[in-house]
Amino acid sequence: MPAQILDGREIARRLQEEIKKEVTRLQRELQVTPSLAVILVGDDPASAIYVRNKARACQEIGVKSDQYLLPADVPEETILRLIDKLNGDQSVHGILVQLPLPPHIEERKVLEAVLPSKDVDGFHPANLGGLLIGNPLFVASTPAGILELLDQAGVMIEGKHAVVVGWSVIVGKPTAFLLLQRRATVTVCQIWTQDLAFHTRQADILVVAAGKPKLITAPMVKEGAVVIDVGINRFEGRLVGDVDFAPVAEKASFITPVPGGVGPVTVAMLLRNTLEACKRACIA
Ligand code: GUN
């Protein structure tokens, strides 16, 4: 039987409605508006689209968002000074530095400059370390979105074999730790993994974040598997994921489309983190 499609747009719409209610409550009861500062360096077209989508979502639910657009040749010191200023600004609750950064900038140094309590992207070592011990302040939006999609679909995670293809700090590694925390048996693969198909065929839950179109074909997927495609690739003039969608959808029980799967839920998770950062700042 063909897979059920996990409609990320619909799930994100419902999540954003809930977040919006909470934002309105905060404004009414505490006269505070959650606020997100977004730093975009350079003119990478994909990053510009992501930042625009995030800004639009903020606007729709009443989160204030300020964009800091810096030229590609900006000195690292200027970014660090800006982050320092935003760290000290009580009216800013979340700070996001859009990745990738230009090659002359040390990405880790910039990400580590963000206060962990404002790190709504979950990329600071304190938050990544928190994830390792099962107690992060913030979880990165994409891994959090993947877990949200699985939960919304009612997928049982405990005891299942989850295979994550991709080991990035943004998606693969945090997703593996979240799945472990939920008591899955987790295998992490890479595009260099020998006999990748052997591993993916074991997966009850298959998460693919490798950035390679059609990396996962139907023979690589177990009948009834849940398939989460995190890839976003431009291929033959279209946006596609890492999974060969139509044939894999014939075998899977659930599958996310690209676009319209993980992406919109990721944005909703960022909004949720920003709301959470604001609440914590108000309570502190
Ligand atoms: N670039 C690709 N994905 C992300 C993300 O989740 N956050 C940031 N800041 N940059 C990205």
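Both ligands and their constituent atoms are indexed starting at 1 by order of listing.
- Considering backbone and side-chain N/O of Leu96, none are found under 3.5 Å from N/O of ligand 1.
- Here the rule is side-chain contact (heavy atoms from CB on, under 4.5 Å) with Leu131, and of Leu180, Val139, Leu137 only Val139 fits it.
- Scanning the protein for heavy atoms near atom 10 (N) of ligand 1, the closest one is Leu99 N, 3.0 Å.
- At the top of the distance list for atom 9 (N) of ligand 1, counting protein heavy atoms only, stands Asp121 OD2, 2.5 Å.
- Residue contacts with ligand 1 for Val97 involve N, CA, C or O but no side-chain atom from C-beta outward (heavy atoms, distance under 4.0 Å).
- Inter-residue side-chain proximity for Asn233 and Leu239 is flagged as unmet; no heavy-atom pair is nearer than 4.5 Å.
- Around the CG atom of Asp89, the shell of radius 6.0 Å holds more than 12 heavy atoms that belong to other residues, nucleotides or ligands.
- Within 6.0 Å of the CD atom in Gln190, the count of heavy atoms belonging to other residues, nucleotides or ligands exceeds 12.
- Between Arg272 and Glu276 no salt bridge is recorded (no basic side-chain N to carboxylate O distance below 4.0 Å).
- The protein non-hydrogen atom at the shortest distance from atom 4 (C) of ligand 1 is Gln98 NE2, 4.2 Å.
- Neither the backbone nor the side chain of Tyr50 comes within contact range of ligand 1; no heavy atom lies under 4.0 Å.
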